[in-house]
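Following this message is one structure expressed as structure tokens.
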Protein chains: 2
Amino acid sequence: MLRKPATLKDVAALANVSRATAARALNSYGYVGDETAQKVHAAAEKLGYRGNRLAQALRNGQLPIVGCILGDIQNPFFARIAHDIEALARECGYNLVIGSSEEELGQEVSLLESLQSLSIRGFIVAPTSAESNAHLLRLIAENVPLVLIDRVAEGVDCDSVVVDNEGGARKAVEYLIAMGHRRVGLLQDDMRIFTSRERMSGYRAALAAGEIAPDDRMVSVSQSTVDHAVDATIRLFSQKTPPTALFTVDSLMTQGALLAFRSMGISIPHDVSLIGFDDFNLATFTDPQITVVSQPVAEIGRAAARLLFDRLSGKSGQPQKFRFETKLIVRGSVSRRRGV
Amino acid sequence: MLRKPATLKDVAALANVSRATAARALNSYGYVGDETAQKVHAAAEKLGYRGNRLAQALRNGQLPIVGCILGDIQNPFFARIAHDIEALARECGYNLVIGSSEEELGQEVSLLESLQSLSIRGFIVAPTSAESNAHLLRLIAENVPLVLIDRVAEGVDCDSVVVDNEGGARKAVEYLIAMGHRRVGLLQDDMRIFTSRERMSGYRAALAAGEIAPDDRMVSVSQSTVDHAVDATIRLFSQKTPPTALFTVDSLMTQGALLAFRSMGISIPHDVSLIGFDDFNLATFTDPQITVVSQPVAEIGRAAARLLFDRLSGKSGQPQKFRFETKLIVRGSVSRRRGV
DNA sequence: AGACAATGTGAGATCGATCTCACACATATT
DNA sequence: AATATGTGTGAGATCGATCTCACATTGTCT
């Protein structure tokens, strides 16, 4: 019983006019007689006519959809961003296609290709890799609006919205050092990821400022999931001389660290101090509450979306690079280290 | 410097053949000479030809995109579902458009219309309202594959994946009653929402089984956000004779209740017992850990996606209705009520 | 009355990919 | 030799909406 949706032709036929006239009436341009216009509208109403956006898009070359490629929507940070982008897109009459790269470059590339062949109008991407960016450069060369979010990529000159990762990490680690810690652990994800590099470099800078030699044994790398972070933390703290403080680079890792500490019977902040990058719902429910570096997550998505829609509405000019400040929120997960 | 993407015509021209032949070579159907095929492939390669999926979709009437309309991607429950759907869609060569209804019927309707006019192939929807469903019925009448998720709608006969909300709620409230509570509060969201109704009805059934008269003063309604839930909880517990136990219908509400209790100086489980519907990351980090009714969230999204793709690949037959069991996970947020 | 605008309408081209059909030429079959 | 089959190719229609252009019809101005 599949009733095909009504087309403009059907409307025109019912109203006894040509397709051209029907189009004029419905989109109100050019000359149309009042009576004719009414007939057309009545016919459209009666048939439940809804224009085929596909055909429209084919005609004018662009589909009112924006693409958004993030690492993982399950990360609350990305979920919030996706939500805000979708909301703004909706206001602007766009829809949002979401793809998860799962932090795999190949996935990101193929997702982007498949979306581009849909004549999608613009992209917001959190690039998996800071270096491999031929696919992004191609977009720019083809003049497709692109906004990078959370992360930038080397040599890719386009709009972007990031936070001061290095500064945030540095503040956190400096604070730990000021509290007397000298063996400060770092739990981070893949070094290909821009934020990871920057946070690592903030970590290093803080160590250097504290005249502490970097020590690879204090650094553990894992995928950004709770489970992987648990393992990585356990590895880090099973050493003979484990860190006395830990800095984790995102909220999933922070959760993993908390779970690992619990399972190992390590208590915070008595046995180990902890600071996480990115504030999250859980942070104030634990005992003690977790000290974090917070990012203005409510602004990031909206800022990126606004940049994209500005481009889409024709604004040209130099790429705009936003960099939001981060803030150290001191709660109770860090204690002063005596002696050693 | 906007270089338009190469079209089939360009490829055909470069290879010195007609469009028809080029199409045959690239999609390998019909007869094509070996040499010709090679020429075409070489030309396509050289021009970086990527078919225009828009034009293809217009031709065959369907776009390889599925639409997913959920309440709010920020709810970890929906985030997980969205993630799983996207992953399966990707495997099947589809992309995913996500829309947030924000629990507004109007939003849901307009989102659905706008996506349908894109010739999108199928939908997974968590309907805002259990009753207002003309838009869903229309989809079915037009034979568009539709899978309802988390919630069903009255009279809408299609594939669906839900959990046993009533049973879950009932188990929770019966447990509270068995622990000696007689003033059991309910913190729920809008009654138009299917899950809300079902959970309410489980709550009522448990009260009835315990021979406790329902009392409207024990029920507080709010939007499903942490902030609204805080207010609603405060209202509930500012009464002369507040509940001694509380059942919350989703994880955001549970978080709200926890925050409210903290701000009111109410301690769990000493002053009040708490059970939440839907397990969530925070539940095991609090002290005490929160007793919850858990749903098999990892299966829901995949099940729905599988149903949808089965339909898309032509499977017909009676609508399939999945209903997953829920499980009461007893942790430490409920204590036995003595005396009263 | 004749010229010239303003108004209203339809035929047909276009976007890009695909598919049907007709036609060419070869080889195979009686 | 005449017909059938197999192979390879291109012209043109199609999907649905839109836009350009040409053609009417009215009204207005000298």
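Protein chains get the first letters and strands the later ones, always in sequence-line order, with residue 1 at the start of each. These numbers come from a predicted model, not from an experiment.
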How close or far is atom P of dT14(D) from atom CG of Leu8(B), stated in whole angstroms?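 Rounded to whole Å, this separation is 19 Å.
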Quiz question: by atom type and distance under 3.5 Å, do the side chains of Ser114(B) and Asn95(A) form a donor-acceptor pair?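 There is such a pair (donor and acceptor under 3.5 Å, judged by atom type) between the side chains of Ser114(B) and Asn95(A).
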Can a side chain N or O of Tyr49(A) be found less than 4.0 Å away from OP1 or OP2 on dG16(D)?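 No, Tyr49(A) has no side-chain N/O under 4.0 Å of OP1/OP2 on dG16(D).
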Nearest-Å distance, CG (Asn16(A)) to P (dT9(C))?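 Asn16(A) atom CG is separated from dT9(C) atom P by 12 Å.
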At less than 4.0 Å, is any side-chain N or O atom of Thr21(B) found next to OP1 or OP2 of dG10(D)? Yes or no.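 Result: yes.
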Side-chain ion pair, Arg306(B) and Asp310(B), N-O less than 4.0 Å: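 Between Asp310(B) and Arg306(B) there is no salt bridge, as every charged N stays at least 4.0 Å from the carboxylate O atoms.
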Given that Arg19(B) and Ala23(A) both sit by DNA chain D, which one's nearest nucleotide is further toward the 5' end?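 Comparing both residues, the 5'-ward one is Arg19(B).
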Residue Gln56(A), side-chain heavy atoms: nucleotide from dA11(C), dT9(C), dT18(D) that is nearest: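 So the side chain of Gln56(A) is nearest to dT18(D).
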Measure the distance from OH on Tyr31(A) to P on dC19(D) and round it to the nearest whole Å.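 These atoms are roughly 16 Å apart.
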Go through the steps to decide whether Leu70(A) and Ser100(A) satisfy the test side chain to side chain contact (heavy atoms under 4.5 Å, CB included), and finish with yes or no. CA-CA 5 Å; Leu70(A) 304 173; Ser100(A) 277; over 6 Å; no
Please state how far atom CG in Leu26(A) lies from atom P in dG16(D), giving the value in whole angstrom units.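 In whole Å, dG16(D) P and Leu26(A) CG are 16 Å from each other.
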Are any of the side-chain heavy atoms of Leu118(B) and Ile65(A) separated by less than 4.5 Å?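 Yes - at least one pair of side-chain heavy atoms lies under 4.5 Å apart.
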Which nucleotide wins on minimum distance to the side chain of Thr36(B), given the candidates dT9(D), dG8(C), dT18(D)?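 Selected nucleotide: dT9(D).
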Using a strict threshold of under 4.0 Å (side-chain N to carboxylate O), is an ion pair present between Glu108(A) and Arg192(A)?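 Glu108(A) and Arg192(A): not salt-bridged.
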Touch class at under 4.0 angstrom, heavy-atom based, for Asn60(A) against every strand present: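 It contacts nothing in the nucleic acid.
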Verify the contact: side-chain N or O of Asn27(A) to OP1 or OP2 of dA17(D), cut-off strictly under 4.0 Å; return yes or no.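 No, Asn27(A) has no side-chain N/O under 4.0 Å of OP1/OP2 on dA17(D).
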Identify which nucleotide among dC19(C), dA17(C), dA17(D) has an atom closest to any side-chain atom of Thr7(A), counting heavy atoms from C-beta outward.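 Given the options dC19(C), dA17(C), dA17(D), the side chain of Thr7(A) is closest to dA17(D).
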Please report, rounded to the nearest Å, how far the C1' atom of dC19(D) is from the CZ atom of Arg24(A).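 The answer, rounded to whole Å, is 9 Å.
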Name the closest nucleotide to the Ala20(B) side chain, picking from dG10(C), dC19(C), dA17(D).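 For Ala20(B), the side-chain atoms sit closest to dC19(C).
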Specify the separation, in whole Å, of atom NZ of Lys9(A) and atom C1' of dA17(D).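 That distance rounds to 12 Å.
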In whole angstrom, what separates Asn52(B)'s CG from dT18(C)'s P?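 It works out to 10 Å between those atoms.
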Ignoring the backbone of Ala55(B), work out which of dC19(C), dT18(D), dG16(C) is nearest its side chain.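 Among the listed nucleotides, the one closest to the side chain of Ala55(B) is dG16(C).
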Can you tell me which nucleotide in dG16(D), dG8(C), dC21(C) comes closest to the side chain of Leu58(A)?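 Among dG16(D), dG8(C), dC21(C), the one nearest the side chain of Leu58(A) is dG16(D).
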Gln38(B) CD to dG8(D) P: how many Å, rounded?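 For the pair Gln38(B) CD and dG8(D) P, the rounded distance is 13 Å.
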